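A short worksheet on the structure shown next.
From a predicted model like this one, the values you see are computed outputs, not experimental measurements. Along the sequence shown, residues are numbered consecutively beginning with 1. Reckoned from all heavy atoms, side chains included, excluding hydrogens, waters and symmetry mates.
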Amino acid sequence: MTNIEMMQRRNEILKRNIGSLILKDNKHGLNGQENYFYNSLIKELHMSESQLNNIRNRS
């Protein structure tokens, strides 16, 4: 598995986790800890997507 494939897989997992938190937020709301976790996942996804785009642009 190449580095790009690993990053793509990681992004898929992050998106799935974010999606489940969005569903929970829509149904019941998030408590403080879950909201912090949700925001950290969003930041991590943005950083990962940026790194992946930089790698793709270099090639």
task: Could you list the residues that satisfy side chain to side chain donor-acceptor pair (under 3.5 Å) with Q51, not counting sequence neighbours?
output: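 None.
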field: For S20, all residues meeting side chain to side chain donor-acceptor pair (under 3.5 Å), sequence neighbours excluded
entry: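 With neighbours one apart ignored, the set is empty.
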Gap separating the [atom1] atom of [X] from the [atom2] atom of [Y], nearest 0.5 angstrom:
| X | Y | atom1 | atom2 | value |
| --- | --- | --- | --- | --- |
| I22 | K27 | CD1 | NZ | 13.0 Å |
| H28 | L23 | NE2 | CG | 10.0 Å |
| M6 | R10 | CE | CZ | 9.0 Å |
| R16 | N11 | CZ | CG | 12.0 Å |

task: Please name the pair of heavy atoms, one in M7 and one in I55, separated by the smallest distance, quoted to 0.1 Å.
output: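 Taking M7 first and I55 second, the nearest heavy atoms are SD-CD1, 3.7 Å.
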field: Positive for side-chain contact (heavy atoms from CB on, under 4.5 Å) with E44, one of I18, L14, N17
entry: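 Of I18, L14, N17, side-chain contact (heavy atoms from CB on, under 4.5 Å) with E44 is met by L14 alone.
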- prompt: How about K15 and E49: do any of their side-chain heavy atoms sit closer than 4.5 Å?
  reply: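 When only atoms from C-beta onward are counted, E49 and K15 do touch, with a gap below 4.5 Å.
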task: Compare all side-chain heavy atoms of R56 with those of N53 and state whether any distance is below 4.5 angstrom.
output: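 Side chain of R56 against side chain of N53, heavy atoms only: contact under 4.5 Å found.
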Sequence neighbours excluded and cut-off under 3.5 Å, please list the side-chain donor-acceptor pairs for residues 29-37, or say none.
unit_1, atom_1, unit_2, atom_2, d
N31, OD1, Q33, N, 3.1
N31, OD1, E34, N, 2.8
E34, OE1, K24, NZ, 2.9
E34, OE1, N31, N, 3.1
E34, OE2, K24, NZ, 2.7

- prompt: I13 and L45: same hydrophobic cluster, using ILVMFWY side-chain contacts below 4.5 Å?
  reply: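 No, I13 does not connect to L45 through the hydrophobic network.
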